[in-house]
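Structure, as structure tokens:
Protein chains get the first letters and strands the later ones, always in sequence-line order, with residue 1 at the start of each. Keep in mind that this is a model prediction, so the values were computed, not measured.
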Protein chains: 2
Amino acid sequence: MKEISIGLIGAGTVGGGVVKVLDKRIDSFRNELGLNIRLARVADKEISRFKTLPVRDAVCSSDAYDIINDKSIDIVIELVGGTTFAKKVVLDALGNRKHVITANKALIAEHGPEIFDCAGKNGVSFYFEASVGGGMPVIKSIREGLIGNDIYSVKTIINGTCNYILTRMSLEGLPFETVLKQAQEKGYAEADPTLDIGGGDSGHKVAILASLASGGYVPYNLIFKEGITTISREDIAFAKELGYTIKLLGVIKKESGKKELDVRVHPVMLHANHILASVSDVYNAVLLEGDAVGQILLYGRGAGELPTASAVVSDIVDVARNISGNNPIRIPMDYYSEPKTIPIKPVVDITSRYYLRFQVIDKPGVLASITSYLGNDGISIASVMQKEGAKDGQVPVIILTHTASERGIRSSVSEIEKMDYIKAKTQVIRIED
Amino acid sequence: MKEISIGLIGAGTVGGGVVKVLDKRIDSFRNELGLNIRLARVADKEISRFKTLPVRDAVCSSDAYDIINDKSIDIVIELVGGTTFAKKVVLDALGNRKHVITANKALIAEHGPEIFDCAGKNGVSFYFEASVGGGMPVIKSIREGLIGNDIYSVKTIINGTCNYILTRMSLEGLPFETVLKQAQEKGYAEADPTLDIGGGDSGHKVAILASLASGGYVPYNLIFKEGITTISREDIAFAKELGYTIKLLGVIKKESGKKELDVRVHPVMLHANHILASVSDVYNAVLLEGDAVGQILLYGRGAGELPTASAVVSDIVDVARNISGNNPIRIPMDYYSEPKTIPIKPVVDITSRYYLRFQVIDKPGVLASITSYLGNDGISIASVMQKEGAKDGQVPVIILTHTASERGIRSSVSEIEKMDYIKAKTQVIRIED
């Protein structure tokens, strides 16, 4: 049985989880799967991290290059995070003909083509199951389990922090800032939460899913991303009253016969009986639609020490199976390349139903003015809600539209916002079916 | 690029779906995956089936052995169903050193050890993703995506016919027989529905999942199976009133430190906010719990032409990848063998919460008598519901228990049923958390 040597770079939360899961399973991998996997080396700048892990001192190092330059290492696991040192580590490891496994979504979304190109040139594989959806085998499902399908739609709740915040806001009627603070205290949100609440983290994951589903390269920086920071408790309360739930959703839609891919991340209103509406707290879900399989949902914890480690370890076993079968490039990844860049549909070109919340002065003629602007842009109104009881002479006017163009909505809203009866920025939330 | 030749035996619903999906994808498998897959032969006794399929006459045959004895065939797909001719086909194909793919859950559940043994001896692989959960990649998830986990619990709604019937009964308040008839008219239930509504089909799938999750052989005939034929519309209405939904559930539980596996199929009451309670109509779901990953749910269509074909085609690509990489036995299956038979916990040894419906004469002392028998067997009552308005002098008495032993429940119920105030067979439904 050929020994397969692993070098782990980064022994933080996920790295520590990988060490623990491997420690528990390594005997069964040998006895039941016939795979002789060995955790040969672990590197981390912060050597204090080794103390709490089941690793012998002899395998520990403070220098990642002790692993990258070690000829006996077959697989390098990059769990340092970020896109600077991590990129160097990954490219140098691939350049030394080591298979690489990562959980680094930002790295793939922002530098995917360079990395996959480097893996291809060196005849080694690059695995990244843990980059999207923690322990959910979503990448394996798209690349293998659903390979007989054209995946033409993906809708996903893929950021646990945002889902936790929106769930708590909905259940407790609290404002965004209060819940964010609670989430930070519980460790569900970072000290600097921008990447999560701004939609960037979801965007990274959606860029990867979009690339896999489309068989081409979907550049992260071209994806429309809108976060949850402007969602107010009023919006959540109105949504509830109308039978909807607000979620941060990643959306990928292929339209038949069109080259452009519709890819975006933004808050949506989902009808309460939508299957994704019940995905709560830190849970994630990916709803895939394929031409043969129909709807498939994967649901689970999208982050955390052990769920993410579970995904990394599944990659280790996959790569080990490939190595011991002398079939290192079992799943080609050459489509993740610059020449296969997929054109993205500009968000102004989409159509959707919309929730609009105008904050207006409570005086005659306002509703007539708003609806007339909307009518001029060809936007048909499905329902209007205006309640009694103005505060400081102001009331919210809620309008749900029928399917309308984003361009029309933006044009109307910008015209309406010039009116002196408008007292705050208008809230626009897309409704997803 | 090595050509990989496929012989398909059985061109019925699923077989036809496989031909259609392959026809659509075969070019992209060549161009994008580097796999030169060819549907070389199709066999079916009913040669009229070929007419509607995109296959040339030259590849069609009425004799399965034209495929099994064809030296150029690499992969045989068995989609004839049943366990007699199908078994012969599979064993003979494996014996001729062909890789075999099947959707035949009964065959695996009832003859697994013989088949896997035969595959092992001949150095070929046996794939069966389509045997459980239609297009959901549940077998791949357990054997690959979640390989870093000890899967200690599986709860699954895995028979679309039963789920459709129970959903309709709940939504429309109709009795079992009426809905069964409707399901038969819509093609959701067979003319002879016994295998579905009796729990046998769920049992086949649960036997396969239990074998995969436990790493041993779980004999189908030892699994406790109870169908949905005794579920009345009254039970469904009472369940709803109490905040529960009735589902036919497959349950697999490993208890730490115990050798016996708790495996069973029976109706359960699920609290309305349980994640499986919202799985409706013909949809299936598998809720897996692993020591690293936590809860993972897969949800999708568990049957049908194209969803099942999607799973078969994913197996074709997997086996083709193994063949072209000279790594035919990538995933060892030797644990599915007689010597690794897993002992099953007798259902009388389980504990659960219970829903009991006694049909009694409306007279003083009945409730006292029932509760006293339950008390004597150590069964603690959580709630009692008895409504006004006896019909023919009879009323149902509903009792929900706290956690109790199955043995105690059976003993009490059998004693209580000897009383002359009992007017019908007592309904016992386990409550699953």
Side-chain angles (χ1 to χ4, degrees), chain A residues 17 20-22 24-25 28-29 32-34 129 134-137 140-141 144-150 215 273 275 278 283 285 287-288 290-301 304 306-307 309-314 316-318 321-322 324-332 334-335, chain B residues 17 20-22 24-25 28-29 32-34 129 134-138 140-141 144-150 215 273 275 278 283 285 287 290-301 304 306-307 309-314 316-318 321-322 324-332 334-335:
Chain A
K20 289 177 201 165
V21 172
L22 273 182
K24 235 173 155 177
R25 292 270 155 257
S28 82
F29 292 160
E32 287 159 32
L33 308 180
E129 182 64 69
M136 292 189 288
K140 180 173 275 286
S141 292
E144 304 178 40
L146 304 175
I147 191 75
N149 290 266
D150 176 23
N273 64 16
I275 189 167
S278 57
Y283 277 88
L287 181 63
L288 303 157
D291 59 349
V293 80
Q295 283 195 338
I296 289 277
L297 180 85
L298 283 99
Y299 165 98
R301 279 181 179 274
L306 293 178
S310 167
V312 172
V313 170
S314 81
I316 293 175
V317 170
D318 257 340
R321 281 170 166 160
N322 295 349
S324 63
N326 291 314
N327 189 13
I329 316 291
R330 188 169 191 264
I331 298 174
D334 60 336
Y335 62 79
Chain B
K20 289 176 200 164
V21 172
L22 273 182
K24 231 172 157 179
R25 291 271 156 259
S28 82
F29 293 160
E32 286 159 32
L33 307 181
E129 182 64 66
M136 293 188 288
V138 56
K140 180 172 275 288
S141 293
E144 303 178 42
L146 304 175
I147 192 73
N149 289 265
D150 176 22
N273 64 16
I275 189 165
S278 57
Y283 278 89
L287 181 63
D291 58 347
V293 81
Q295 283 196 337
I296 288 279
L297 181 86
L298 283 100
Y299 165 98
R301 278 180 180 275
L306 293 178
S310 166
V312 172
V313 171
S314 80
I316 293 175
V317 170
D318 256 339
R321 280 169 167 162
N322 294 349
S324 65
N326 291 314
N327 188 13
I329 317 291
R330 186 167 190 266
I331 298 174
D334 61 335
Y335 62 79

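Checked against a 6.0 Å centroid threshold, the rings of B:Y299 and B:Y283 count as neighbours.
Contact tally against chain B (heavy-atom pairs below 4.5 Å) for A:K24, A:R321, A:K140: the top residue is A:R321. Most heavy-atom pairs under 4.5 Å with chain A: of the set B:N326, B:I316, B:V21, B:D291, this distinction falls to B:D291. Among B:G294, B:A309, B:A292, the residue with the largest count of heavy-atom pairs under 4.5 Å with chain A is B:A292. Ranking A:G34, A:G135, A:P307 against chain B, the residue ahead of the rest is A:P307, based on heavy-atom pairs under 4.5 Å. Contact tally against chain B (heavy-atom pairs below 4.5 Å) for A:V313, A:V293, A:V317, A:V312: the top residue is A:V293. Listed options A:Q295, A:R301, A:E144 were ranked by heavy-atom pairs under 4.5 angstrom with chain B; first place goes to A:E144. When B:I147, B:I275, B:L287 are compared by the number of non-hydrogen pairs under 4.5 Å with chain A, B:I147 comes out ahead. In terms of heavy-atom pairs under 4.5 angstrom with chain B, the leader among A:S310, A:P328, A:G300 is A:S310.
For a residue to count as touching a neighbouring chain, one of its non-hydrogen atoms must lie under 4.5 Å from one of that chain's; by this rule B:N149 touches chain A with backbone and side chain alike. Proximity to chain A (any heavy atom under 4.5 Å) is restricted, for B:P137, to the side chain, taken from C-beta onward. Residue contact with chain A, scored on non-hydrogen atoms closer than 4.5 Å, is absent for B:K20. Looking at B:D150, both its backbone and its side chain come within 4.5 Å of chain A, counting heavy atoms on both sides. Residue A:N322 touches chain B through both its backbone and its side chain, counting heavy-atom pairs closer than 4.5 Å. For chain A, no part of B:L22 is nearby; none of its heavy atoms comes within less than 4.5 Å.
At least one side-chain heavy atom of A:S141 sits less than 4.5 Å from a side-chain heavy atom of A:L298. The side-chain heavy atoms of A:D318 and A:R330, taken from C-beta on, include no pair separated by under 4.5 Å.
A pairwise comparison of heavy atoms in A:E129 and A:A311 identifies CG-CB, 3.9 Å as the closest pair.
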